[in-house]
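Throughout, a chain's letter reflects where its sequence line sits, starting with A, and its residues are numbered from 1.
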Protein chains: 2
Amino acid sequence: MEELKLDMDSYLPLRDVVFHTLRDAILKGDLAPGERLMEIHLANKLGVSRTPIREAIRMLEKEGLAVTIPRKGAQVARMTEKDLEDVLEIRDALDELAVSDACNRMTEENYADLKRAMETFSEAAKTKDVRAIVEADEEFHNVIYRAANNPKLENIIRNLKEQMYRYRYEYVKGDADFLQLVNEHEQIVEGLREKDSVGVKAIMHTHLRNQVESVRGVIRRQNREEA
Amino acid sequence: MEELKLDMDSYLPLRDVVFHTLRDAILKGDLAPGERLMEIHLANKLGVSRTPIREAIRMLEKEGLAVTIPRKGAQVARMTEKDLEDVLEIRDALDELAVSDACNRMTEENYADLKRAMETFSEAAKTKDVRAIVEADEEFHNVIYRAANNPKLENIIRNLKEQMYRYRYEYVKGDADFLQLVNEHEQIVEGLREKDSVGVKAIMHTHLRNQVESVRGVIRRQNREEA
DNA sequence: AAAATAAGTACTGTATACAAAGTGCATAGT
DNA sequence: ACTATGCACTTTGTATACAGTACTTATTTT
């Protein structure tokens, strides 16, 4: 009985499997920007029919990861520097909102999670293991999003982050001052504890600004190379 | 030659036609929240096959207008009071961003459009024609979004507005002080002209707050009725 | 009489078939 | 040699057929 129920819970329509597969491939760069998403080809490759492929493409479209030209087909969305700047700008505004909400709505449990995430980040920063640092940073911010208690906001932010997923390592890899980041995280936690929503928004803004600038630099260098 | 080209441009895949049809029906309330979206039924009703219906449903899903339970089908998304509050909160933050961007990036043409939109709104306010007022208000804000020159931001805001489309008349219909609104619009235009991004954000915030409160009231009353 | 089970129905999930349109290459004409 | 036209191939757009699951209702058993 239980096993059946588990099967039910773990059941995913093929369209969702395909969607996740394609999304990951795009985010990891296995499918390059501009690359065509041909239905039959993908169907054969993934061992499914065209129907779930098409539905997955419609979903990717709405997530901004693919664009389709009628009667020509879909391709992986290209991102210009301007597009990324636009995304970063929105993320900045929404991260400020999230942290401000978190101020007012945070539970004891959220706060405990946050402190744990902060400590994990501190530890990771010492190791200089880029992958671990990025993951710890993600988790720190995710705790804040959860604490904000606004699922729609979480969705939008997740989607925005997705669109710049390729650049997630660049800041930390580059010229990040880890101690500074740790310090900023501490300030954010402190601000949340004090429920100083104005102050914490300001800190979050500066905290993101460095990352934003770093990503900008990477993109500019990339574009120069391409040209 | 030209007519052919026009034909090409005006071609829309059936999935898009269906998508727009269903979206409008949901927004106008012809399809009530919780109502099932049955594929064969819709296909017959719209005179198409199930395939474009399914693709349209996938798009509606990503827009937050429908939810589907695997193997049970899709239904029009229900919106709780909390959902709407969440949406309003995000809109507030993003409208602040938009108006702040508009401050920095507005062209002469944008400014001319804005003044025109403001005047149209003033005229509409005098007539007390609710429909005209709402439309003029929409246009006023749309000019600002365009001036912000951030297409992704525009998209997100459009999507958020869509989710509360049903309530768009409620504020104006209810207890709005038209002269106050006209005054706020004037202040916004003034702030944009002066490029006072901090001030204009504040005005936009208060400008929205009243509408937000009004929509909240409507929803609460509705929910009480339902209970 | 109530509860459980089984059958039937209706819907979704997936695959495939057919039609139409666009692209590219080859061939022929200038 | 170059251009234009036509044909073949690829790919999308749409419809339909088939399979599987869940829900409803009726019947049977306790």
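Nearest-nucleotide mapping onto DNA chain C: of A:S49 and B:E39, the residue sitting toward the 5' end is B:E39. Comparing A:M38 and B:K72 by the nucleotide of DNA chain D that holds the closest heavy atom to each, the one mapping nearer the 5' end is A:M38.
Between B:I53 atom CD1 and C:dG13 atom P there is a gap of 14 Å when expressed in whole angstrom units. One atom, CZ of B:F19, and another, C1' of D:dT14, lie 19 Å apart when rounded to the nearest Å. In this entry the distance linking CZ of A:R50 with P of D:dT12 reads 7 Å, nearest Å. Going from atom CD1 of B:I57 over to atom P of C:dC11 covers 13 Å, rounded to whole Å. Atom C1' of nucleotide D:dG20 and atom CG of A:L14 are separated by 13 Å, given to the nearest angstrom. One can place CZ of B:R36 at 12 Å from P of C:dA10, the figure rounded to the nearest angstrom. Straight-line distance from the CZ atom of A:R54 to the C1' atom of C:dT16: 13 Å, rounded to whole Å. Summarising the geometry, the separation between CD on B:E61 and C1' on C:dG13 is reported as 14 Å, rounded to the nearest angstrom.
Put simply, the side chain of B:N110 gets close to the backbone of B:T107: a donor and an acceptor are under 3.5 Å apart.
No side-chain N or O of A:N150 forms a donor-acceptor pair with one of A:Y145 less than 3.5 Å apart.
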Item checked: Residues B:R216, B:E213; criterion salt bridge (Lys or Arg N to Asp or Glu O under 4.0 Å); working and verdict -> CA-CA 5 Å; B:R216 268 195 195 128; B:E213 286 304 326; 2.7 Å; yes
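Within 4.0 Å of A:I69, counting heavy atoms only, lies no atom of the nucleic acid at all. When heavy atoms are screened at a 4.0 angstrom cut-off, B:R15 is found touching the sugar-phosphate backbone but no base atom. Residue A:L42 is out of contact with every strand shown, counting any heavy-atom pair closer than 4.0 Å.
Side-chain N/O atoms of B:R71 include none lying less than 4.0 angstrom from OP1 or OP2 on D:dG20. For B:T51 and D:dT14, the shortest distance from a side-chain N or O to OP1 or OP2 is not below 4.0 Å.
For the pair B:R58 and B:E61, the salt-bridge criterion is met [side-chain N within less than 4.0 Å of a carboxylate O]. With salt bridges taken as basic N to acidic carboxylate O contacts below 4.0 Å, one links A:E139 and A:R146.
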